[in-house]
Trainee: 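Got a structure here, written out as structure tokens. Questions coming.
Keep in mind that this is a model prediction, so the values were computed, not measured. Below, read A as the first sequence line, B as the second, and so on, with proteins coming before strands; counting in each chain starts at 1.
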Number of protein chains: 2
Amino acid sequence: MLMMDLFRSYLHQNRLPLTHQREAIAMALFEAEHHQSVDDLADLLRGRGEHVGKATIYRTLNLLVEAGLARELDFGEGFKRYEHQAGETQHDYLICTSCGKVARFRREAMDRLQADVASELGFAVQSRMLKIYGFCDACAGAESSGQAVGSPASVGAGPETG
Amino acid sequence: MLMMDLFRSYLHQNRLPLTHQREAIAMALFEAEHHQSVDDLADLLRGRGEHVGKATIYRTLNLLVEAGLARELDFGEGFKRYEHQAGETQHDYLICTSCGKVARFRREAMDRLQADVASELGFAVQSRMLKIYGFCDACAGAESSGQAVGSPASVGAGPETG
DNA sequence: CGTTGATTGAGTCTCGTTTTCAACGGTGAT
DNA sequence: ATCACCGTTGAAAACGAGACTCAATCAACG
């Protein structure tokens, strides 16, 4: 697997040992289709009969992020999620504040806009995180749409409203 | 002050009392120019001779967010920040991963892009959070720019890399 | 193989945020 | 004004994600 080779290469070049645990954690993340939490990964590994401490999962995920092979995500759930970064181009997120569904999308225009703004304000871009919050198709029907001042404050899964 | 009136109105319509603490906290946030942490606000209030417990600050900030008068921000510092939402239009953020400086910007194109994507994917937008990470002018000079696989993993104030 | 130096993991610690609960205080009615 | 109702307050405790500790373990290289 390519991703695994890249990880091995990263470890080797930084004189870090490739342990059984690191391999198992990286494999689990690389094989996963969606963004995984640390607990997700712990469960997944336990299911495979692997004994891996959570501290090690945290440490290995940080390694993978440093290696550029994974990205850290925060959908406001109170804990982080991780997804592998298979050399894919940057993508952005739509998040349903009702059911929590996350959809990914890509727009060239977004990259251009980012480059324009950055050069204008004198920033050298490293990465970005765009999250658009709202209601997905399925959830749009219901919802009391408590709009700001004056309503019952029925905001559900309150996102990072910024 | 307009913001304060809106808050009063929100409380009244929801049959919630306007306490001295709530007024003090809201005032402090409304008067603040930049995004404040809970500790910032606690210090500020203490400096004014107001005795307000942190639990109350948290609770009042949540109220303000529900009222649509404040927004919650997370710049990856390990704690949340809040800024008042004075009916201003949506804005986005550039964050220096080296010194932590935060710059705000606005682009019409961003709103259009958001609307396009949302309608295309069947989402009803509530809000968004766009954070562009990179190095500001001042910090761009130094930095070993540890680029992904193979380098010393010298990632500094690692942002939400997603 | 043996040595070296980093990793592992169960448990502990940290710290932001939430909850608890008894005392307190707005608010609207009287 | 006064009262009663009901939500608020705040100190302390609880909570939870994530980082740290340290002795035992293990990968890697000669």
Trainee: Rounding to a whole Å, what distance do you find between L16(A):CG and dT8(C):P?
Mentor: 10 Å

Trainee: So, D39(A) and R46(A), do they make that salt bridge, N to O below 4.0 Å?
Mentor: no

Trainee: Between E31(A) and R48(A), does any side-chain N to carboxylate O distance fall below 4.0 Å?
Mentor: yes

Trainee: Can you find an N or O donor on one side and an acceptor on the other, under 3.5 Å apart, linking the side chain of R15(B) with the base of dG28(C)?
Mentor: no

Trainee: Closest to the N62(A) side chain: dA6(C), dG9(C), dA19(D)?
Mentor: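 Output: dA19(D).
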
Trainee: Return the OH to CD distance between Y133(B) and Q114(A), rounded to the nearest 0.5 Å.
Mentor: 12.0 Å

Trainee: Which atom pair, heavy atoms only, marks the closest approach of L29(A) to H84(A)?
Mentor: O-ND1, 3.3 Å

Trainee: With a 4.0 Å cut-off, would you call R81(A) and E72(A) a salt bridge?
Mentor: no

Trainee: Whole angstroms only, please: what is the CG-C1' distance between L11(B) and dT9(D)?
Mentor: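 Nearest whole value for this atom pair: 15 Å.
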
Trainee: Round to the nearest Å and state the distance from L63(B) atom CG to dT9(D) atom P.
Mentor: 8 Å

Trainee: Just how far, in rounded Å, is C1' of dA11(D) from CD1 of I57(B)?
Mentor: 14 Å

Trainee: Could you tell me the separation between the CG atom of D43(B) and the P atom of dG16(C), rounded to a whole number of Å?
Mentor: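 It works out to 12 Å between those atoms.
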
Trainee: Passes salt bridge (charged side-chain N to carboxylate O under 4.0 Å, His left out), R128(A) versus D92(A)? Steps please.
Mentor: CA-CA 9 Å; R128(A) 75 159 174 270; D92(A) 302 295; 2.7 Å; yes

Trainee: OP1 or OP2 of dG28(C) versus the side-chain N and O atoms of H12(B): is any pair under 4.0 Å?
Mentor: yes

Trainee: Under the 3.5 angstrom rule, does the side chain of T60(B) hit a backbone N or O of T56(B) as a donor-acceptor pair?
Mentor: yes

Trainee: Under the 3.5 Å rule, do the base of dG9(C) and the side chain of R59(A) count as making a donor-acceptor pair?
Mentor: yes

Trainee: Can you tell me the distance, in whole Å, between the CZ atom of R81(A) and the P atom of dG18(D)?
Mentor: 11 Å

Trainee: Indicate whether OP1 or OP2 belonging to dC26(D) is found under 4.0 Å from a side-chain N or O atom of T19(A).
Mentor: no

Trainee: Could you list, one pair per line, each protein nitrogen or oxygen that sits under 3.5 Å from a nitrogen or oxygen of nucleotides 14-17 of chain D, together with the distance?
Mentor:
none

Trainee: I need the residues from residues 20-27 of chain B with at least one non-hydrogen atom less than 4.0 Å from DNA chain D; give them sorted by number, or say none.
Mentor: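 Close to the strand are Q21(B), R22(B).
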
Trainee: So, Q36(B) side chain and H34(B) main chain: donor-acceptor pair closer than 3.5 Å or not?
Mentor: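 Checking the backbone N and O of H34(B) against the side chain of Q36(B), a donor-acceptor pair under 3.5 Å is found.
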
Trainee: Report the distance from atom NE2 of H51(A) to atom P of dC26(D), rounded to the nearest whole Å.
Mentor: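 So the two atoms are 14 Å apart, to the nearest Å.
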
Trainee: Expressed as a whole number of angstroms, how long is the span from E50(B):CD to dT8(D):C1'?
Mentor: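 Rounded to whole Å, this separation is 16 Å.
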
Trainee: For side chain to side chain contact (heavy atoms under 4.5 Å, CB included), just list the numbers for R71(A) and V65(A), CA-CA rounded to whole Å, side-chain angles, deciding distance to a tenth of an Å, and then say yes or no.
Mentor: CA-CA 6 Å; R71(A) 47 174 43 168; V65(A) 169; 5.9 Å; no

